[in-house]
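In what follows, a single structure is set out as structure tokens and then discussed.
Quick note on labels: first sequence line is chain A, next is B, and so on, each numbered from 1.
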There are 2 protein chains.
Amino acid sequence: MINGRFATAIHILTLLGREEGDVASSYIAGSININPVLVRKEISVLRDAGFVATQEGKNGGSRLAVQPSKIRLSDLYRIIYRDGLFTHSKNLPNQHCAVGRRIGTIMDDLNIEAEQALLKRLHAITIQDLLDKV
Amino acid sequence: MINGRFATAIHILTLLGREEGDVASSYIAGSININPVLVRKEISVLRDAGFVATQEGKNGGSRLAVQPSKIRLSDLYRIIYRDGLFTHSKNLPNQHCAVGRRIGTIMDDLNIEAEQALLKRLHAITIQDLLDKV
DNA sequence: TCATTCTGTAATTATTTTTATTACAGAACA
DNA sequence: TGTTCTGTAATAAAAATAATTACAGAATGA
């Protein structure tokens, strides 16, 4: 399932897209209304992906490392969701049952198809598009 | 986000699609490897939707009330996910910030678009399609 | 009839996941 | 060289999920 991290990442990037200089994690956290440590953690993921650059130390903070129009939500989705859309319980289904034996593969296939449809749509939306709505 | 209930519902319906008579919740639970009470709860939702019929009492259980080819995964999705795909935190963003003020609407719009894409794909898949894969 | 075996559902507990907090070393600045 | 940022680990709190317990009621059939 799609959790709060996706929304958090979008909020961060949209906010950075509107600000000029370096933005402190505490300021971002104040806008989202979550804990600054969570913001820094998410930013570290976004930084690893090359979307954000960070300046440490006094007056430091983060800013976009690429143009907002270059950040597609599909990329964002992929970065944040390694686990897939459909989270199946970690309980192993009964392998003595035909359905139980095959359901894992069936759900995996389904997950791929659903994600493809979702990603296709998200591919067409960039942070710039969201900025235009603010 | 898409949680385990969707996978559970699919497992239940697929299993019922392969069985002739009434299937007890404990049997289904044994296949999925979850608690029978959860199965009965999910079945009650599927029954309300008209997909399943249940016989109470001794030798009772559930069976499909419609043909597997009539149960679209899009219907299933709608029944189980009233909350939307993207769960945004229940923390209200800072309304004194332009992004904080607009992010709710932006995420809602995004959610609608993403769900449309997902539902379009799920509309084309029925329980029969999954049965063919078992 | 009535013991048995199912269901439905409420209430509680346990587990897991998510979010928040605390803490502190290190970087950059003025 | 003190101040204000970051990064990250560790812990705690809160929320969401799943499991369990419990029990009344329905249908069966010996």
Side-chain angles (χ1 to χ4, degrees), chain A residues 1-9 11-12 16 19 21-49 52-63 65 80-94, chain B residues 1-9 11-12 16 19 21-49 52-63 65 80-94:
Chain A
M1 160 323 117
I2 293 197
N3 62 29
R5 284 186 56 206
F6 193 61
T8 298
H11 194 135
I12 291 171
L16 294 184
E19 303 286 336
D22 288 328
V23 184
S25 64
S26 56
Y27 179 85
I28 302 172
S31 172
I32 306 179
N33 193 11
I34 61 170
N35 194 282
V37 175
L38 285 186
V39 172
R40 294 204 288 271
K41 263 188 195 155
E42 205 57 52
I43 282 178
S44 113
V45 173
L46 297 172
R47 190 170 48 238
D48 290 347
V52 164
T54 303
Q55 175 71 36
E56 292 191 11
K58 192 174 180 180
N59 299 330
S62 299
R63 79 208 81 93
I80 293 177
Y81 294 98
R82 346 324 250 280
D83 307 351
L85 195 54
F86 304 96
T87 58
H88 24 342
S89 148
K90 89 244 68 107
N91 292 7
L92 184 69
N94 188 339
Chain B
M1 164 268 165
I2 294 195
N3 63 29
R5 284 186 56 206
F6 193 62
T8 298
H11 194 135
I12 291 171
L16 294 184
E19 303 285 335
D22 288 327
V23 184
S25 65
S26 57
Y27 179 86
I28 300 172
S31 172
I32 305 179
N33 193 12
I34 61 171
N35 194 282
V37 175
L38 284 187
V39 172
R40 294 204 288 270
K41 263 189 194 152
E42 205 57 52
I43 281 178
S44 113
V45 173
L46 297 172
R47 189 171 49 238
D48 289 347
V52 163
T54 302
Q55 174 73 34
E56 291 191 11
K58 191 173 181 180
N59 298 331
S62 300
R63 80 208 80 93
I80 292 176
Y81 294 99
R82 351 314 254 280
D83 307 352
L85 194 54
F86 303 97
T87 59
H88 22 346
S89 149
K90 88 244 65 119
N91 293 7
L92 183 70
N94 188 340

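Summarising the geometry, the separation between CG on B:Leu38 and P on C:dT9 is reported as 14 Å, rounded to the nearest angstrom. The nearest whole Å value for the distance from the CD atom in A:Glu56 to the C1' atom in C:dC29 is 13 Å. Per the geometry, CG belonging to A:Asn91 stands 11 Å off C1' belonging to D:dT17, to the nearest Å. Look at CZ on B:Arg47: it is 11 Å from C1' on C:dT9, rounded to the nearest Å. Per the geometry, CD belonging to B:Glu42 stands 13 Å off P belonging to C:dT9, to the nearest Å. Straight-line distance from the CZ atom of B:Arg40 to the P atom of D:dA18: 17 Å, rounded to whole Å. Between A:Gln55 atom CD and C:dA30 atom P there is a gap of 10 Å when expressed in whole angstrom units. The interatomic distance linking B:Ile12 (CD1) with C:dT7 (P) rounds to 12 Å, in whole Å.
Residue contacts for A:Ser26: at a heavy-atom cut-off of 4.0 Å it reaches no nucleic acid atom on any strand shown. A:Ser62 comes within 4.0 angstrom of no nucleic acid atom, judged by non-hydrogen atoms across all strands. When heavy atoms are screened at a 4.0 angstrom cut-off, A:Gly57 is found touching base atoms of the nucleic acid. Nucleic acid contact class of B:Asn59 (heavy atoms, under 4.0 Å, all strands): sugar-phosphate only.
Here the side chains of B:Ile28 and B:His11 are not in contact, with every heavy-atom distance at 4.5 Å or above. Using a 4.5 Å heavy-atom threshold, the side chains of B:Thr8 and B:Ile32 count as touching. A:Arg5 has its side chain out of reach of A:Leu38: every pair of non-hydrogen atoms, C-beta onward, lies at least 4.5 Å apart. At a threshold of 4.5 Å between non-hydrogen side-chain atoms, the residues B:Asp22 and B:Ser62 do not count as touching. Contact check for B:Ile12 versus B:Glu42: side-chain heavy atoms found under the 4.5 Å cut-off.
Contact annotation: B:Asn35 does not reach the phosphate of D:dA18 (side-chain N/O to OP1 or OP2, under 4.0 Å). Within the 4.0 Å cut-off from OP1 or OP2 of D:dT6, not a single side-chain nitrogen or oxygen of A:Thr54 is found.
Mapped onto DNA chain D by nearest heavy atom, A:Lys41 and A:Gly61 fall at different nucleotides, with A:Gly61 at the one closer to the 5' end.
Ranking D:dT4, C:dT21, C:dT9 by closeness to the A:Val37 side chain, first place goes to C:dT21.
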